[in-house]
Structures are given as C-alpha cells and as structure tokens.
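Atoms considered below: every heavy atom in the structure, side chains included; atoms not considered: hydrogens, waters and symmetry mates. In what follows, residues are counted from 1 in the order of the sequence shown.
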Amino acid sequence: MALPALPTIPGETSAAPTRQILVLSPEQRNDGPPRHTNDAPSTPDATELLEAGYRLTYVHDIADVVEKLRTADFAGVYCNTADFLPLERALAGQQASMVLNTVGEGICIVAPDGRLIWQNQKMQGWPAPVQERVRQACCEAGEAFAADPGAGTRRNVLKLNETQQFLETVISPLRSNHGGLMQIVAVVMDATQTRRLQQKIDAIDAAGRELVRLESDAIRKMNMAERLELLEKNIVQFTHELLHFDHFAIRIIDRKNDKLELVVSEGLPEEALAVDLYKSDSAGMTGISGFVAATGRSYMCADVERDPRYVVGLDGARSSLTVPLQLHDRVIGIFNIESRQPGAFSEDDRQFAEIFGRYVAMALNILELMVTERVETRNKMAGDVAGEIAGPLNDIAIDVQELQESLIGDAHLSGKLDAILGNVESVRSSLRQAMAGPQTILGAKDAAPPAAPDPAISRKRILVVDDEPVIRETIGDVLRKYDATVTIAVDGNAAIEQIESVVADGGTYDLVVSDIRMPDRSGYDVFASARKHMAETPVILMTGFGYDPNHCIVRASQEGLQAVLFKPFRVDKLLDEVRRALTVE
C-alpha cells in the first residue's frame with residue numbers, strides 16, 4: 001500500500017523520531033514489525049516508510065488501541081480499512097466515557113432487570129452501600145417507567161447517616177424509538193451544601209414569622225419591657241439556629257447624637273459592650289460598626305489583628321461579620337457577630353445575616369406598633385403602618401427572589417423560598433389587621449362625666465404632653481370631665497418648661513402623661529425632668545408608631561415609670577392607668 005510523502009518534522013531526525021503512530025495488526029511483536037499474513041493491514045514498504053519519520057507501536061486488537069490512546073499521545077493510528085468503522089465506534093465510545101468520567105457528578109446506567117451496566121469513576125468512588133442504594137432507587141424508578149411510558153425524570157434525596165451527607169439522585173428513562181424502556185440512567189450529586197442552605201432558609205422563615213408575630217394574645221398583653229425581653233430571647237435563639245454563632249451584639253442608632261446604643265448582646269465581655277461607638281467620626285469612635293451604620297454596607301473582617309477599623313470585642317476574637325439593620329433605605333442599627341476562628345465567615349453567612357437583620361430591624365421597629373386590644377378601625381392607621389413596613393418587607397422579598405434566581409431548577413428549595421414570600425404577604429396582612437384603628441382615644445366621644453366625683457382623679461393637677469393636637473386635646477377633655485385640672489404641653493420642651501415653672505412657684509403636678517416620640521425632646525426627657533424636680537410624681541408614657549430609638553420605655557421602666565399606654569387605647573384603659581398611678585402609695 002502506497003503512502004504519501006511524510007511531512008517534515010522540525011527538530012527531528014530519522015535516527016531519533018519522537019512522534020508515535022499506533023499500528024493495528026493481527027499479530028504483534030515487541031521488537032519490530034509483525035509477521036504478515038494475507039490479512040495484515042500493512043506492507044513491508046508501508047511500515048518502513050512510517051518508521052522513517054515515526055516511532056511505531058504495534059497492537060493486535062481494537063481494545064489495545066483504545067487503551068493506548070487513553071494512556072499516551074499518538075500522532076495517528078494505521079489500520080486495515082476493514083477495521084476502520086469498528087475502531088471509530090470504539091474511539092467514540094472511549095471519548096464519551098472520558099467525558100462522563102470528567103463530570104463532577106456520579107453517573108450510572110442500570111438495566112430494566114436491575115443489573116448495573118456501567119458507572120463512571122465518580123460513581124465508583126462512592127461507598128458500596130451508596131452504590132447499592134442508588135441501584136435500588138433506579139430499580140424502583142424503572143418499575144414506574146415501565147408501567148407508564150409517559151413517566152419522566154424522578155428526583156430523590158438520600159441521607160448518609162454515617163457522614164451526615166445528602167445525595168440527590170436524578171433518575172431518567174432511556175427509551176427505544178417505540179417507547180420501550182431500554183436502560184435507566186442516574187446522576188448522583190452531593191447535595192449537602194444545598195441541604196444546609198435549605199436549613200438556613202427554614203431558619204430564616206421560622207425566625208421571621210416569629211419575630212413579627214402579632215396574633216398571640218400573650219404578646220399583646222405584654223408591656224414594652226416584656227416585649228423587648230421576649231424579642232431578645234428570640235433573637236438569641238434564632239441567631240444560634242440560623243447562623244450557628246454565639247457571640248454577637250445589636251446596636252441601634254440614636255438619631256440625636258449618632259451613637260450606637262446597645263440593645264441586645266450575647267457572649268461578649270462587658271468591656272466590649274461598654275465601648276461608645278458612633279455612626280460618624282465627628283461624634284466619636286466609629287470602628288467597623290460605625291462604618292456599617294454610616295454606609296449601609298456589610299463588612300467581613302477576616303483577621304481582626306490586621307484590620308485598623310476593628311475595636312475591642314470578643315476575647316480572643318479573630319474575625320467578625322457586621323451587617324446593617326435596614327428598614328428599606330434607612331439604616332437603624334447594626335448586627336455584629338464575632339468568632340475566635342480566623343476567616344470564619346463566608347458570603348453565605350453575610351447574605352443570610354443581612355436577610356435576618358432585616359427581620360430584626362422590622363421587629364424592633366414594630367415593637368411599639370403592636371396594640372393591646374383588637375378594635376374596629378378606619379384605614380388611616382393601617383395605611384401608616386403599611387407605609388412604615390412596606391419598604392423592609394419589599395427588601396426581604398427582593399433578597400428571596402435573588403436567591404430563587406440562583407436556584408433555578410431546584411423545585412424543593414424554590415418552594416421553600418415561595419413560602420417565605422407568602423409569609424411576607426402574611427405579615428403585611430397581619431399588620432393591616434392588627435394596626436388598624438383611628439388615631440384618637442377610642443370611645444372618647446361617648447365618654448360622659450361620672451355620676452359621682454371620682455376621688456382618685458378629682459381636683460388632681462395633671463400635665464398632658466403630646467405633639468398631636470387630637471391626642472392631647474382628647475385626653476385633656478376626658479380628664480376634665482372627671483374634674484381634673486389639666487395643663488396641656490404641645491411638645492417636650494414646653495412640658496419641661498412647665499414642670500420647671502410650676503416647681504419654681506412652689507407647686508407640683510400629681511401626674512404627668514407624655515407621648516414618647518416628639519420632634520424636639522423625647523418622652524424620656526420629660527420623664528427625667530419630672531423625676532428630677534418632682535420625685536414623687538408618677539409618669540405615664542404613651543407610644544404610637546415607630547421604633548423608640550432612645551429606648552425611652554425600657555430606660556424609664558428601670559427608673560420608676562408608672563405605666564405605658566399603647567395607641568390606640570380606649571378611654572377606660574386611660575382612666576384605669578390614671579387611677580392606678582394616682583393611688584400608688
């Protein structure tokens with residue numbers, strides 16, 4: 001058989017050829033060309049011509065060709081024309097096998113009778129019990145595929161108790177042109193990370209629903225200090241379950257001075273909690289927490305010893321994660337988590353902490369929005385609450401939708417994320433129901449003077465403070481019907497001036513009733529002034545919508561606050577608290 005002229009191989013001489021050609025011959029010898037028969041694919045002239053430019057390697061069957069090509073590089077294969085098509089099919093099969101072996105997932109083929117026909121190297125690496133479980137799953141799927149010609153791919157998750165791993169199987173039928181089941185193909189993937197992601201999503205779902213839960217009668221009856229205590233307990237519990245970290249602090253921005261006030265902490269030393277941190281450099285030391293509060297951007301510190309922004313924290317801390325507590329486009333505080341392990345936090349940790357942080361921010365914000373009684377309402381108050389919470393709920397929904405986009409094709413996790421979106425809508429609905437109510441004193445129009453003087457209220461001097469005209473005038477009118485002497489203050493500054501003026505004239509008030517959120521001075525400032533100038537005078541604080549950034553209720557409760565009224569409250573509730581405050585011995 002004649003061969004064309006061989007190409008010139010740069011840098012190579014006929015005495016030392018380096019490129020190799022496989023020669024398929026029915027008879028192989030190790031030290032040179034084969035002895036020829038009538039079926040030999042080459043002639044002495046052909047092999048001599050090949051040897052002029054190549055090193056020849058002789059093999060005696062197609063299996064040897066496939067094995068040689070798998071383990072070494074060859075410039076070509078020389079064979080009889082009768083062997084060409086079988087060799088081509090074998091090489092195509094070898095190439096397919098190589099591709100399947102490079103796939104990062106386990107792949108196996110099972111016959112309809114349950115025999116394992118083939119598996120790639122990844123599948124061979126799984127323990128024998130795992131391989132057997134996959135084969136059994138294929139057999140079960142095969143029965144369904146055989147019974148229903150229209151049956152398609154089946155998914156299943158196998159848990160390996162001994163390694164705490166999860167394997168996801170995707171089992172598909174391989175059918176003939178007539179629809180008959182020929183083989184069953186299974187792809188086996190390590191789903192451990194996906195399952196852990198699912199567990200975190202479950203924790204976010206549970207935590208979010210619990211933190212903003214409004215329906216419980218027990219919660220509605222709690223005062224602010226009790227609610228904050230419950231919220232702190234839930235945050236600690238959910239942080240353990242969700243992020244699996246035990247050392248963290250939550251700080252809220254005081255809008256008056258940009259100070260980051262501590263609200264909740266767990267596992268951090270007193271010296272770390274006592275550090276004053278601020279949102280801006282002009283107010284004081286900022287650190288990582290101040291940076292996050294100012295920028296609204298999360299901050300992962302992989303090595304606290306190398307980060308100049310890190311301030312004192314956990315004893316032996318090596319890394320930290322700080323995320324903003326964000327209400328729509330407004331940062332109300334920060335959530336700082338610390339670890340004694342360097343580089344302990346991942347991008348997944350950051351993403352989930354941000355989502356959880358939004359729930360925490362919303363829970364803190366609605367801490368004072370929860371009413372103590374169910375009432376029939378108008379739409380204004382529901383609209384106020386919906387406007388306050390709409391942004392944070394939308395942000396949570398957006399975060400979840402971004403996760404859904406990254407998990408396209410995973411129906412199970414997508415279902416979980418859909419459940420979170422459903423809970424977001426449920427929160428919206430619950431808020432509209434629980435927060436609905438007229439912004440006034442309920443039952444005030446029907447309040448009539450008592451049939452006989454009320455000794456607890458009659459002739460008592462009461463200071464009423466609220467920047468909302470409807471509220472202060474309504475409370476004043478109700479108390480005057482009970483023969484109280486009522487002084488009205490339009491804001492915190494006016495109230496403090498009234499207290500100082502009355503005391504300077506040798507007088508006093510028997511009771512102070514003040515709103516918390518006012519544009520100048522807070523309810524706590526009014527309370528502190530009353531305690532300073534009239535130590536025995538009881539104080540009742542009122543709160544409506546919006547989070548109390550100065551913790552007026554908690555701080556005042558620790559210092560002798562008489563009671564808290566949550567708007568909208570009823571006239572009888574107001575009168576009960578007033579009587580109780582005025583009769584305390």
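When every heavy atom of Pro324 is checked against every heavy atom of Val292, the shortest pair comes out as N-CG1, 3.5 Å. Annotation for Ile253 and Ala293: closest pair CD1-CB, 3.9 Å, computed over non-hydrogen atoms. Counting all heavy atoms, side chain and backbone alike, Ala353 lies closest to Ile337 at CB-CD1, 4.4 Å. Summarising the geometry of Ala495 relative to Leu463, their closest heavy-atom pair is O-CD2, 4.0 Å, with the distance given to 0.1 Å. When all heavy atoms of Ile540 and Ala581 are compared, the pair lying nearest together is CD1-CB, 4.1 Å. Contact record, Leu541 with Gly523: CD2-O, 3.7 Å, taken as the closest heavy-atom pair.
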List the steps, then state whether side chain to side chain contact (heavy atoms under 4.5 Å, CB included) holds for Thr239 with Phe356.
CA-CA 9 Å; Thr239 301; Phe356 182 66; 3.5 Å; yes
For Val578 and Tyr482, what are the C-alpha separation, side-chain angles and deciding distance, and is it a side chain to side chain contact (heavy atoms under 4.5 Å, CB included)?
CA-CA 11 Å; Val578 168; Tyr482 281 71; over 6 Å; no
Derivation and outcome, side chain to side chain contact (heavy atoms under 4.5 Å, CB included), residues Phe248 and Ile235:
CA-CA 10 Å; Phe248 64 90; Ile235 289 174; 4.0 Å; yes
Does Glu536 form a side chain to side chain contact (heavy atoms under 4.5 Å, CB included) with Thr508? I'd like the steps, not just the answer.
CA-CA 10 Å; Glu536 302 302 320; Thr508 187; over 6 Å; no
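The salt bridge (charged side-chain N to carboxylate O under 4.0 Å, His left out) test applied to Arg251 returns no partner, not counting sequence neighbours. In this view, Arg580 and Glu577 satisfy the salt bridge (charged side-chain N to carboxylate O under 4.0 Å, His left out) rule, not counting sequence neighbours. Evaluation of the side-chain hydrogen bond (donor to acceptor under 3.5 Å, both in side chains) rule for His240 yields Asp246 as partners, not counting sequence neighbours. Every residue meeting the side-chain contact (heavy atoms from CB on, under 4.5 Å) condition with Arg521, not counting sequence neighbours, appears here in chain and number order: Asn493, Ile496, Asp525. By the side-chain hydrogen bond (donor to acceptor under 3.5 Å, both in side chains) test, Glu271 pairs with no residue at all, sequence neighbours left out. Shown here are the side-chain contact (heavy atoms from CB on, under 4.5 Å) partners of Val486, two or more places apart in sequence or in another chain: Val464, Leu479, Arg480, Ala484, Ile488. Qualifying salt bridge (charged side-chain N to carboxylate O under 4.0 Å, His left out) partners for Glu347, counting only residues two or more places apart in sequence or in other chains: Arg350. Lys259 meets the side-chain hydrogen bond (donor to acceptor under 3.5 Å, both in side chains) test with Asp276; sequence neighbours excluded. Remark: Tyr310 pairs with Glu338 by the side-chain hydrogen bond (donor to acceptor under 3.5 Å, both in side chains) rule, at least two apart or across chains.
Note that CD1 of Ile332 and CG of Leu327 are 4.5 Å apart. Values are rounded to the nearest 0.5 Å. With rounding to the nearest 0.5 angstrom, the CG atom of Asp466 is 7.5 Å from the OG atom of Ser514. Taking CD1 of Ile499 as the reference point, atom CZ of Phe527 lies at 11.0 Å (rounded to 0.5 Å). Distance check, rounded to the nearest 0.5 Å: CZ of Arg358 to CG of Leu325 gives 10.0 Å. We find the OG-CG distance between Ser339 and Leu321 to be 10.5 Å, quoted to the nearest 0.5 Å. Atom CD1 of Ile471 sits about 7.0 Å away from atom CE of Met542, to the nearest 0.5 Å.
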Would you mind writing out the side-chain donor-acceptor pairs for residues 450-459 within the sub-3.5 Å range, not counting sequence neighbours?
| residue | atom | partner | partner atom | Å |
| --- | --- | --- | --- | --- |
| Asp454 | OD1 | Ala456 | N | 3.0 |
| Asp454 | OD2 | Arg579 | NE | 2.6 |
| Asp454 | OD2 | Arg579 | NH2 | 3.1 |
| Ser458 | OG | Asp483 | OD2 | 2.8 |

Report, one line per pair, each donor and acceptor closer than 3.5 Å where one atom sits in a side chain of residues 279-288; sequence neighbours left out.
| residue | atom | partner | partner atom | Å |
| --- | --- | --- | --- | --- |
| Ser280 | OG | Asp258 | OD2 | 3.4 |
| Ser280 | OG | Ser282 | OG | 3.3 |
| Asp281 | OD1 | Thr286 | OG1 | 3.3 |

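Looking at Thr537, its side chain does come within 3.5 Å of a backbone N or O of Tyr509 through a donor-acceptor pair. Between the side chain of His533 and the backbone N or O of Glu500 there is no donor-acceptor pair closer than 3.5 Å. Between the Asp510 side chain and the Arg461 main chain, a donor and an acceptor come within less than 3.5 Å of each other.
A side-chain donor from one of Ser346 and Asp349 sits under 3.5 Å from a side-chain acceptor of the other. A donor and an acceptor atom, one from each side chain of Glu354 and Ser298, are located under 3.5 Å apart.
By the 4.5 Å heavy-atom criterion applied to side chains, Ile334 and Tyr299 are not counted as neighbours.
For residues 311-326, every residue pair satisfying the side-chain hydrogen bond (donor to acceptor under 3.5 Å, both in side chains) rule, not counting sequence neighbours, is listed here: Thr322-Asn336.
Centroid-to-centroid, the aromatic rings of Tyr359 and Phe238 stay 6.0 Å apart or farther.
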